[in-house]
2 protein chains.
Amino acid sequence: MEPGVPPSLSSRRPPDTGAAASPDSRPQTAARDALRGISWLGQVPADTIEALAAHAVLHQVPAGSLLFDQAETPVFAQFLLAGSIELLGVRGRAETLIELLTPFDMVIPAAVISARPYLMRARVYEAAHLLLIPAQTFRDAVARDHALCAVVLGCLTAQFRRQVRQEKNLKLRSAEERVGCFIASLLGDAEAAVTIRLPMEKYLIASQLGMTRETFSRALSAMARFGIVVRGESVHVDDATAARAHFPFDPLIDGFEPITSLHDRRA
Amino acid sequence: MEPGVPPSLSSRRPPDTGAAASPDSRPQTAARDALRGISWLGQVPADTIEALAAHAVLHQVPAGSLLFDQAETPVFAQFLLAGSIELLGVRGRAETLIELLTPFDMVIPAAVISARPYLMRARVYEAAHLLLIPAQTFRDAVARDHALCAVVLGCLTAQFRRQVRQEKNLKLRSAEERVGCFIASLLGDAEAAVTIRLPMEKYLIASQLGMTRETFSRALSAMARFGIVVRGESVHVDDATAARAHFPFDPLIDGFEPITSLHDRRA
DNA sequence: GCGGCGAATTGATCTGAATCAACGCAGCGC
DNA sequence: GCGCTGCGTTGATTCAGATCAATTCGCCGC
């Protein structure tokens, strides 16, 4: 049933074996610096950051690894620092991609916060760099620190809205339109003829757009009608303005969804 | 493109005209009682409840009304006290149902919290009873009161997880399976033959299950194979246990998703 | 050079569900 | 009574996109 299931079906390596962390002479320092690097945690006071860092572990995970499976109970709160992670709904053998996470995001905070079983499988797409904090430690910190609670709320808000956007894209546009809009989104504000490069392998893009490789390939060919010619990973567009006109940007579907905090918009 | 668009296409009555509220000699008292009636707000201290109630308005809205449209900026935080509300993704003429809200839930807190445009249209399904709080008042209260922040986080968490469940149901099951599982969920723990009643009109169920009336009707006929016979709004099941076996309950899709607060599971 | 392998392309076919269309059958107003 | 209108059923048709199958391309190791 499912488009885009990567071939390497995971060298099962649950992070539960916290031991395998990258060795560091002062691990807490590294963890603290990593947390500091997440800009949307900026509002969180230093002592809470320290408390989290004290129990944190940094982890590198190769592509294809299973981070956790659905029905498992969250053991760690996880921050994605690099790479990407696919979140999949699973039923028997069938998998369906629900979302693709990129830095700097949390891995399903909804399950961690509610201390209930994951509803999705998480598999590493591109080799990832994670920061792990024991789930209970994290929940305690959220319960104690209002500022942390507020930024987690902001993070979850962004994830919710991204999911709505994704669902609208899938249900309101045809496969060809999705491809066209995806290409259009790569054009930036170019005016005339441009040649750009696909940002990743095609089967990867296909699964993000919710279709099979074959359908994606056919849709790309069909783009020729609009002066969009794809050869290999390079995309030549005769007239960027015209292309955008055919596949108009919809801010309520395609727009970027930043993680914001309550306090950001007080001003 | 869309299943289940109700006929009465909204007697546009935006709540922005806060005036139309139900008259009450002591409106704040009524609002406070309403807020007290929302059990998941239990953790929130009395003075915050009072502050919210002071600016709150109670509102009754008939079926079919448009609460707000996508792209609008939230004016009120809204609590659904009775009735139901459909949340729709819209593109041009096409609508697609994303979620159906029931009491006691907030109406897209994600947009209110982030102070960004709604991504969905909200239309009243069954005549609704709402409590409105000016958006900025609500955001300020969340920014000031940690407990309120925590329960809103819990509310949003539940909504996120419900949406994941819904998406899995749609993408991992066929139309017929969805219908079967829906029927099975109505059986409770009956063992042998039972006759039950459909909880609402069929076209309504169809749209909740993400299909057209026609497809739903055909699927119901097909249920006869499994000893499930529908006539009018009554459903006769020959063997409830067998029916459940054909359409097994999946706790990661069908399960109920309660609104929980961080503090609930401290014990 | 060769062989092998996964990604990509292309074509043929299949299928689930939407769409289109016609009709039965309630309830309601007059 | 009449006709209306909205729900529900049933049948025929269409269609987008998945699936199946066959090839080609590009890349890597040797």
Side-chain angles (χ1 to χ4, degrees), chain A residues 1-9 63-64 91 93-97 125-126 169-180 182-183 197-224 228-235, chain B residues 1-10 63-64 91 93-97 125-126 169-182 197-225 228-235:
Chain A
M1 127 128 242
E2 181 42 23
V5 178
S8 54
L9 229 187
R91 182 183 174 226
R93 314 206 105 279
E95 283 183 340
T96 185
L97 185 133
Y125 225 45
E126 302 164 288
N169 197 24
L170 286 180
K171 300 222 282 186
L172 293 172
R173 283 184 180 150
S174 70
E176 192 175 310
E177 284 176 305
R178 272 173 274 151
V179 172
F182 176 78
I183 301 281
R197 204 143 281 275
L198 292 177
M200 43 192 150
E201 277 149 313
K202 287 183 182 166
Y203 76 90
L204 234 151
I205 301 173
S207 92
Q208 267 190 73
L209 297 179
M211 66 191 77
T212 58
R213 267 171 304 186
E214 295 96 320
T215 301
F216 182 62
S217 182
R218 278 184 253 271
L220 282 182
S221 313
M223 294 289 106
I228 300 173
V229 181
V230 182
R231 232 187 349 199
E233 63 175 358
S234 84
V235 182
Chain B
M1 126 122 241
E2 180 43 23
V5 179
S8 54
L9 229 187
S10 83
R91 183 183 171 225
R93 314 204 104 278
E95 283 184 341
T96 186
L97 184 134
Y125 225 44
E126 302 164 287
N169 197 24
L170 285 179
K171 301 222 282 184
L172 293 172
R173 295 214 263 233
S174 70
E176 191 175 309
E177 284 176 304
R178 272 173 275 152
V179 172
C181 291
F182 176 78
R197 205 142 279 276
L198 291 177
M200 42 192 151
E201 277 149 311
K202 288 183 183 167
Y203 75 90
L204 234 150
I205 302 174
S207 92
Q208 269 190 69
L209 297 178
M211 66 190 76
T212 59
R213 269 171 306 180
E214 293 97 321
T215 300
F216 181 61
S217 182
R218 280 184 251 272
L220 282 183
S221 314
M223 294 288 107
R225 285 190 286 138
I228 300 172
V229 181
V230 182
R231 232 188 350 197
E233 63 176 0
S234 84
V235 182

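In what follows, chains carry the letters A, B, and so on, assigned in the order in which the sequence lines appear, proteins first and then strands, with residues in each chain numbered from 1. Since the structure is predicted, the reported quantities are computational estimates derived from the model, not experimental observations.
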Next item on the list: Would you indicate which nucleotide in dA18(C), dA8(C), dT9(D) comes nearest to any side-chain atom of E201(A)?
Entry: dA8(C)
Margin query: If you only use heavy atoms from C-beta on, which nucleotide in dA8(C), dT9(D), dA17(C) is closest to the side chain of Y203(A)?
Written below: dA8(C)
Check: Side chain of T212(B): nearest nucleotide among dT10(D), dT19(C), dT9(D)?
Finding: dT19(C)
Every protein N/O within reach of nucleotides 20-29 of chain C N/O, cut-off under 3.5 Å:
residue, atom, partner, partner atom, Å
dC20(C), N4, E214(B), OE2, 3.4

Check: Considering all heavy atoms of both residues, which atom of R178(B) and which atom of L209(B) are nearest to each other, and what is their separation?
Finding: NH1-O, 2.5 Å
Margin query: Working to the nearest 0.5 angstrom, can you tell me the gap between L204(B) CG and E126(B) CD?
Written below: 6.5 Å
Next item on the list: Could you tell me whether R178(B) contacts a base, only the sugar-phosphate backbone, or nothing, with contacts defined as non-hydrogen atoms closer than 4.0 Å?
Entry: sugar-phosphate
Checklist line | Spacing of L172(A) atom CG relative to dA16(D) atom P, expressed in whole Å | finding: 16 Å
Check: What integer distance in Å separates L170(A):CG from dA18(D):P?
Finding: 11 Å
Checklist line | Rounded distance in Å - CZ (R231(B)) to C1' (dC7(D)) | finding: 18 Å
Next item on the list: First locate atom CG of L220(B), then atom CZ of F182(B), and finally report the distance between them rounded to the nearest 0.5 Å.
Entry: 9.5 Å
Note to self: Restricting to non-hydrogen atoms, name the atom on E176(A) and the atom on M223(A) that form the minimum distance, rounded to 0.1 Å.
What the structure shows: CG-CE, 3.5 Å
Next item on the list: Compare side-chain N and O positions of T215(A) against OP1 and OP2 of dA18(D) and report whether any pair is under 4.0 Å apart.
Entry: yes
Notebook entry, point to check: What is the distance from CG of L209(B) to P of dA17(C), rounded to the nearest Å?
Noted result: 12 Å
Notebook entry, point to check: Rounding to a whole Å, what distance do you find between F216(B):CZ and dA18(C):P?
Noted result: 13 Å
Next item on the list: Starting at OH of Y125(A), measure out to CE of M200(A) and round the result to the nearest 0.5 Å.
Entry: 8.0 Å
Check: What distance separates I205(B) CD1 from Y203(B) OH, expressed to the nearest 0.5 Å?
Finding: 11.0 Å
Checklist line | Interatomic distance, L204(A) CG vs dG6(C) C1' [rounded to whole Å] | finding: 14 Å
Note to self: If we ignore hydrogens and angles and just use 3.5 Å, is the side chain of K202(B) paired with the main-chain N or O of G232(B) as donor and acceptor?
What the structure shows: yes
Notebook entry, point to check: How far does the helix from dG1(C)-dC30(D) to dC30(C)-dG1(D) bend, going by the axes of its first and last five pairs, to the nearest 10°?
Noted result: 30°
Next item on the list: Could you state the atom-to-atom distance from CE of M211(A) to C1' of dC15(D) in whole Å?
Entry: 16 Å
Check: Can you find a side chain N or O atom of S221(A) that sits less than 4.0 Å from OP1 or OP2 on dT10(C)?
Finding: yes
Next item on the list: Identify the two heavy atoms, one from K171(B) and one from L170(A), that lie closest to each other, and give their separation to 0.1 Å.
Entry: NZ-CD1, 3.7 Å
Note to self: Restricting to non-hydrogen atoms, name the atom on T212(B) and the atom on A206(B) that form the minimum distance, rounded to 0.1 Å.
What the structure shows: O-CB, 3.9 Å
Item checked: Nearest-angstrom distance from the residue atom NZ of K171(A) to P of dA18(C) -> 11 Å
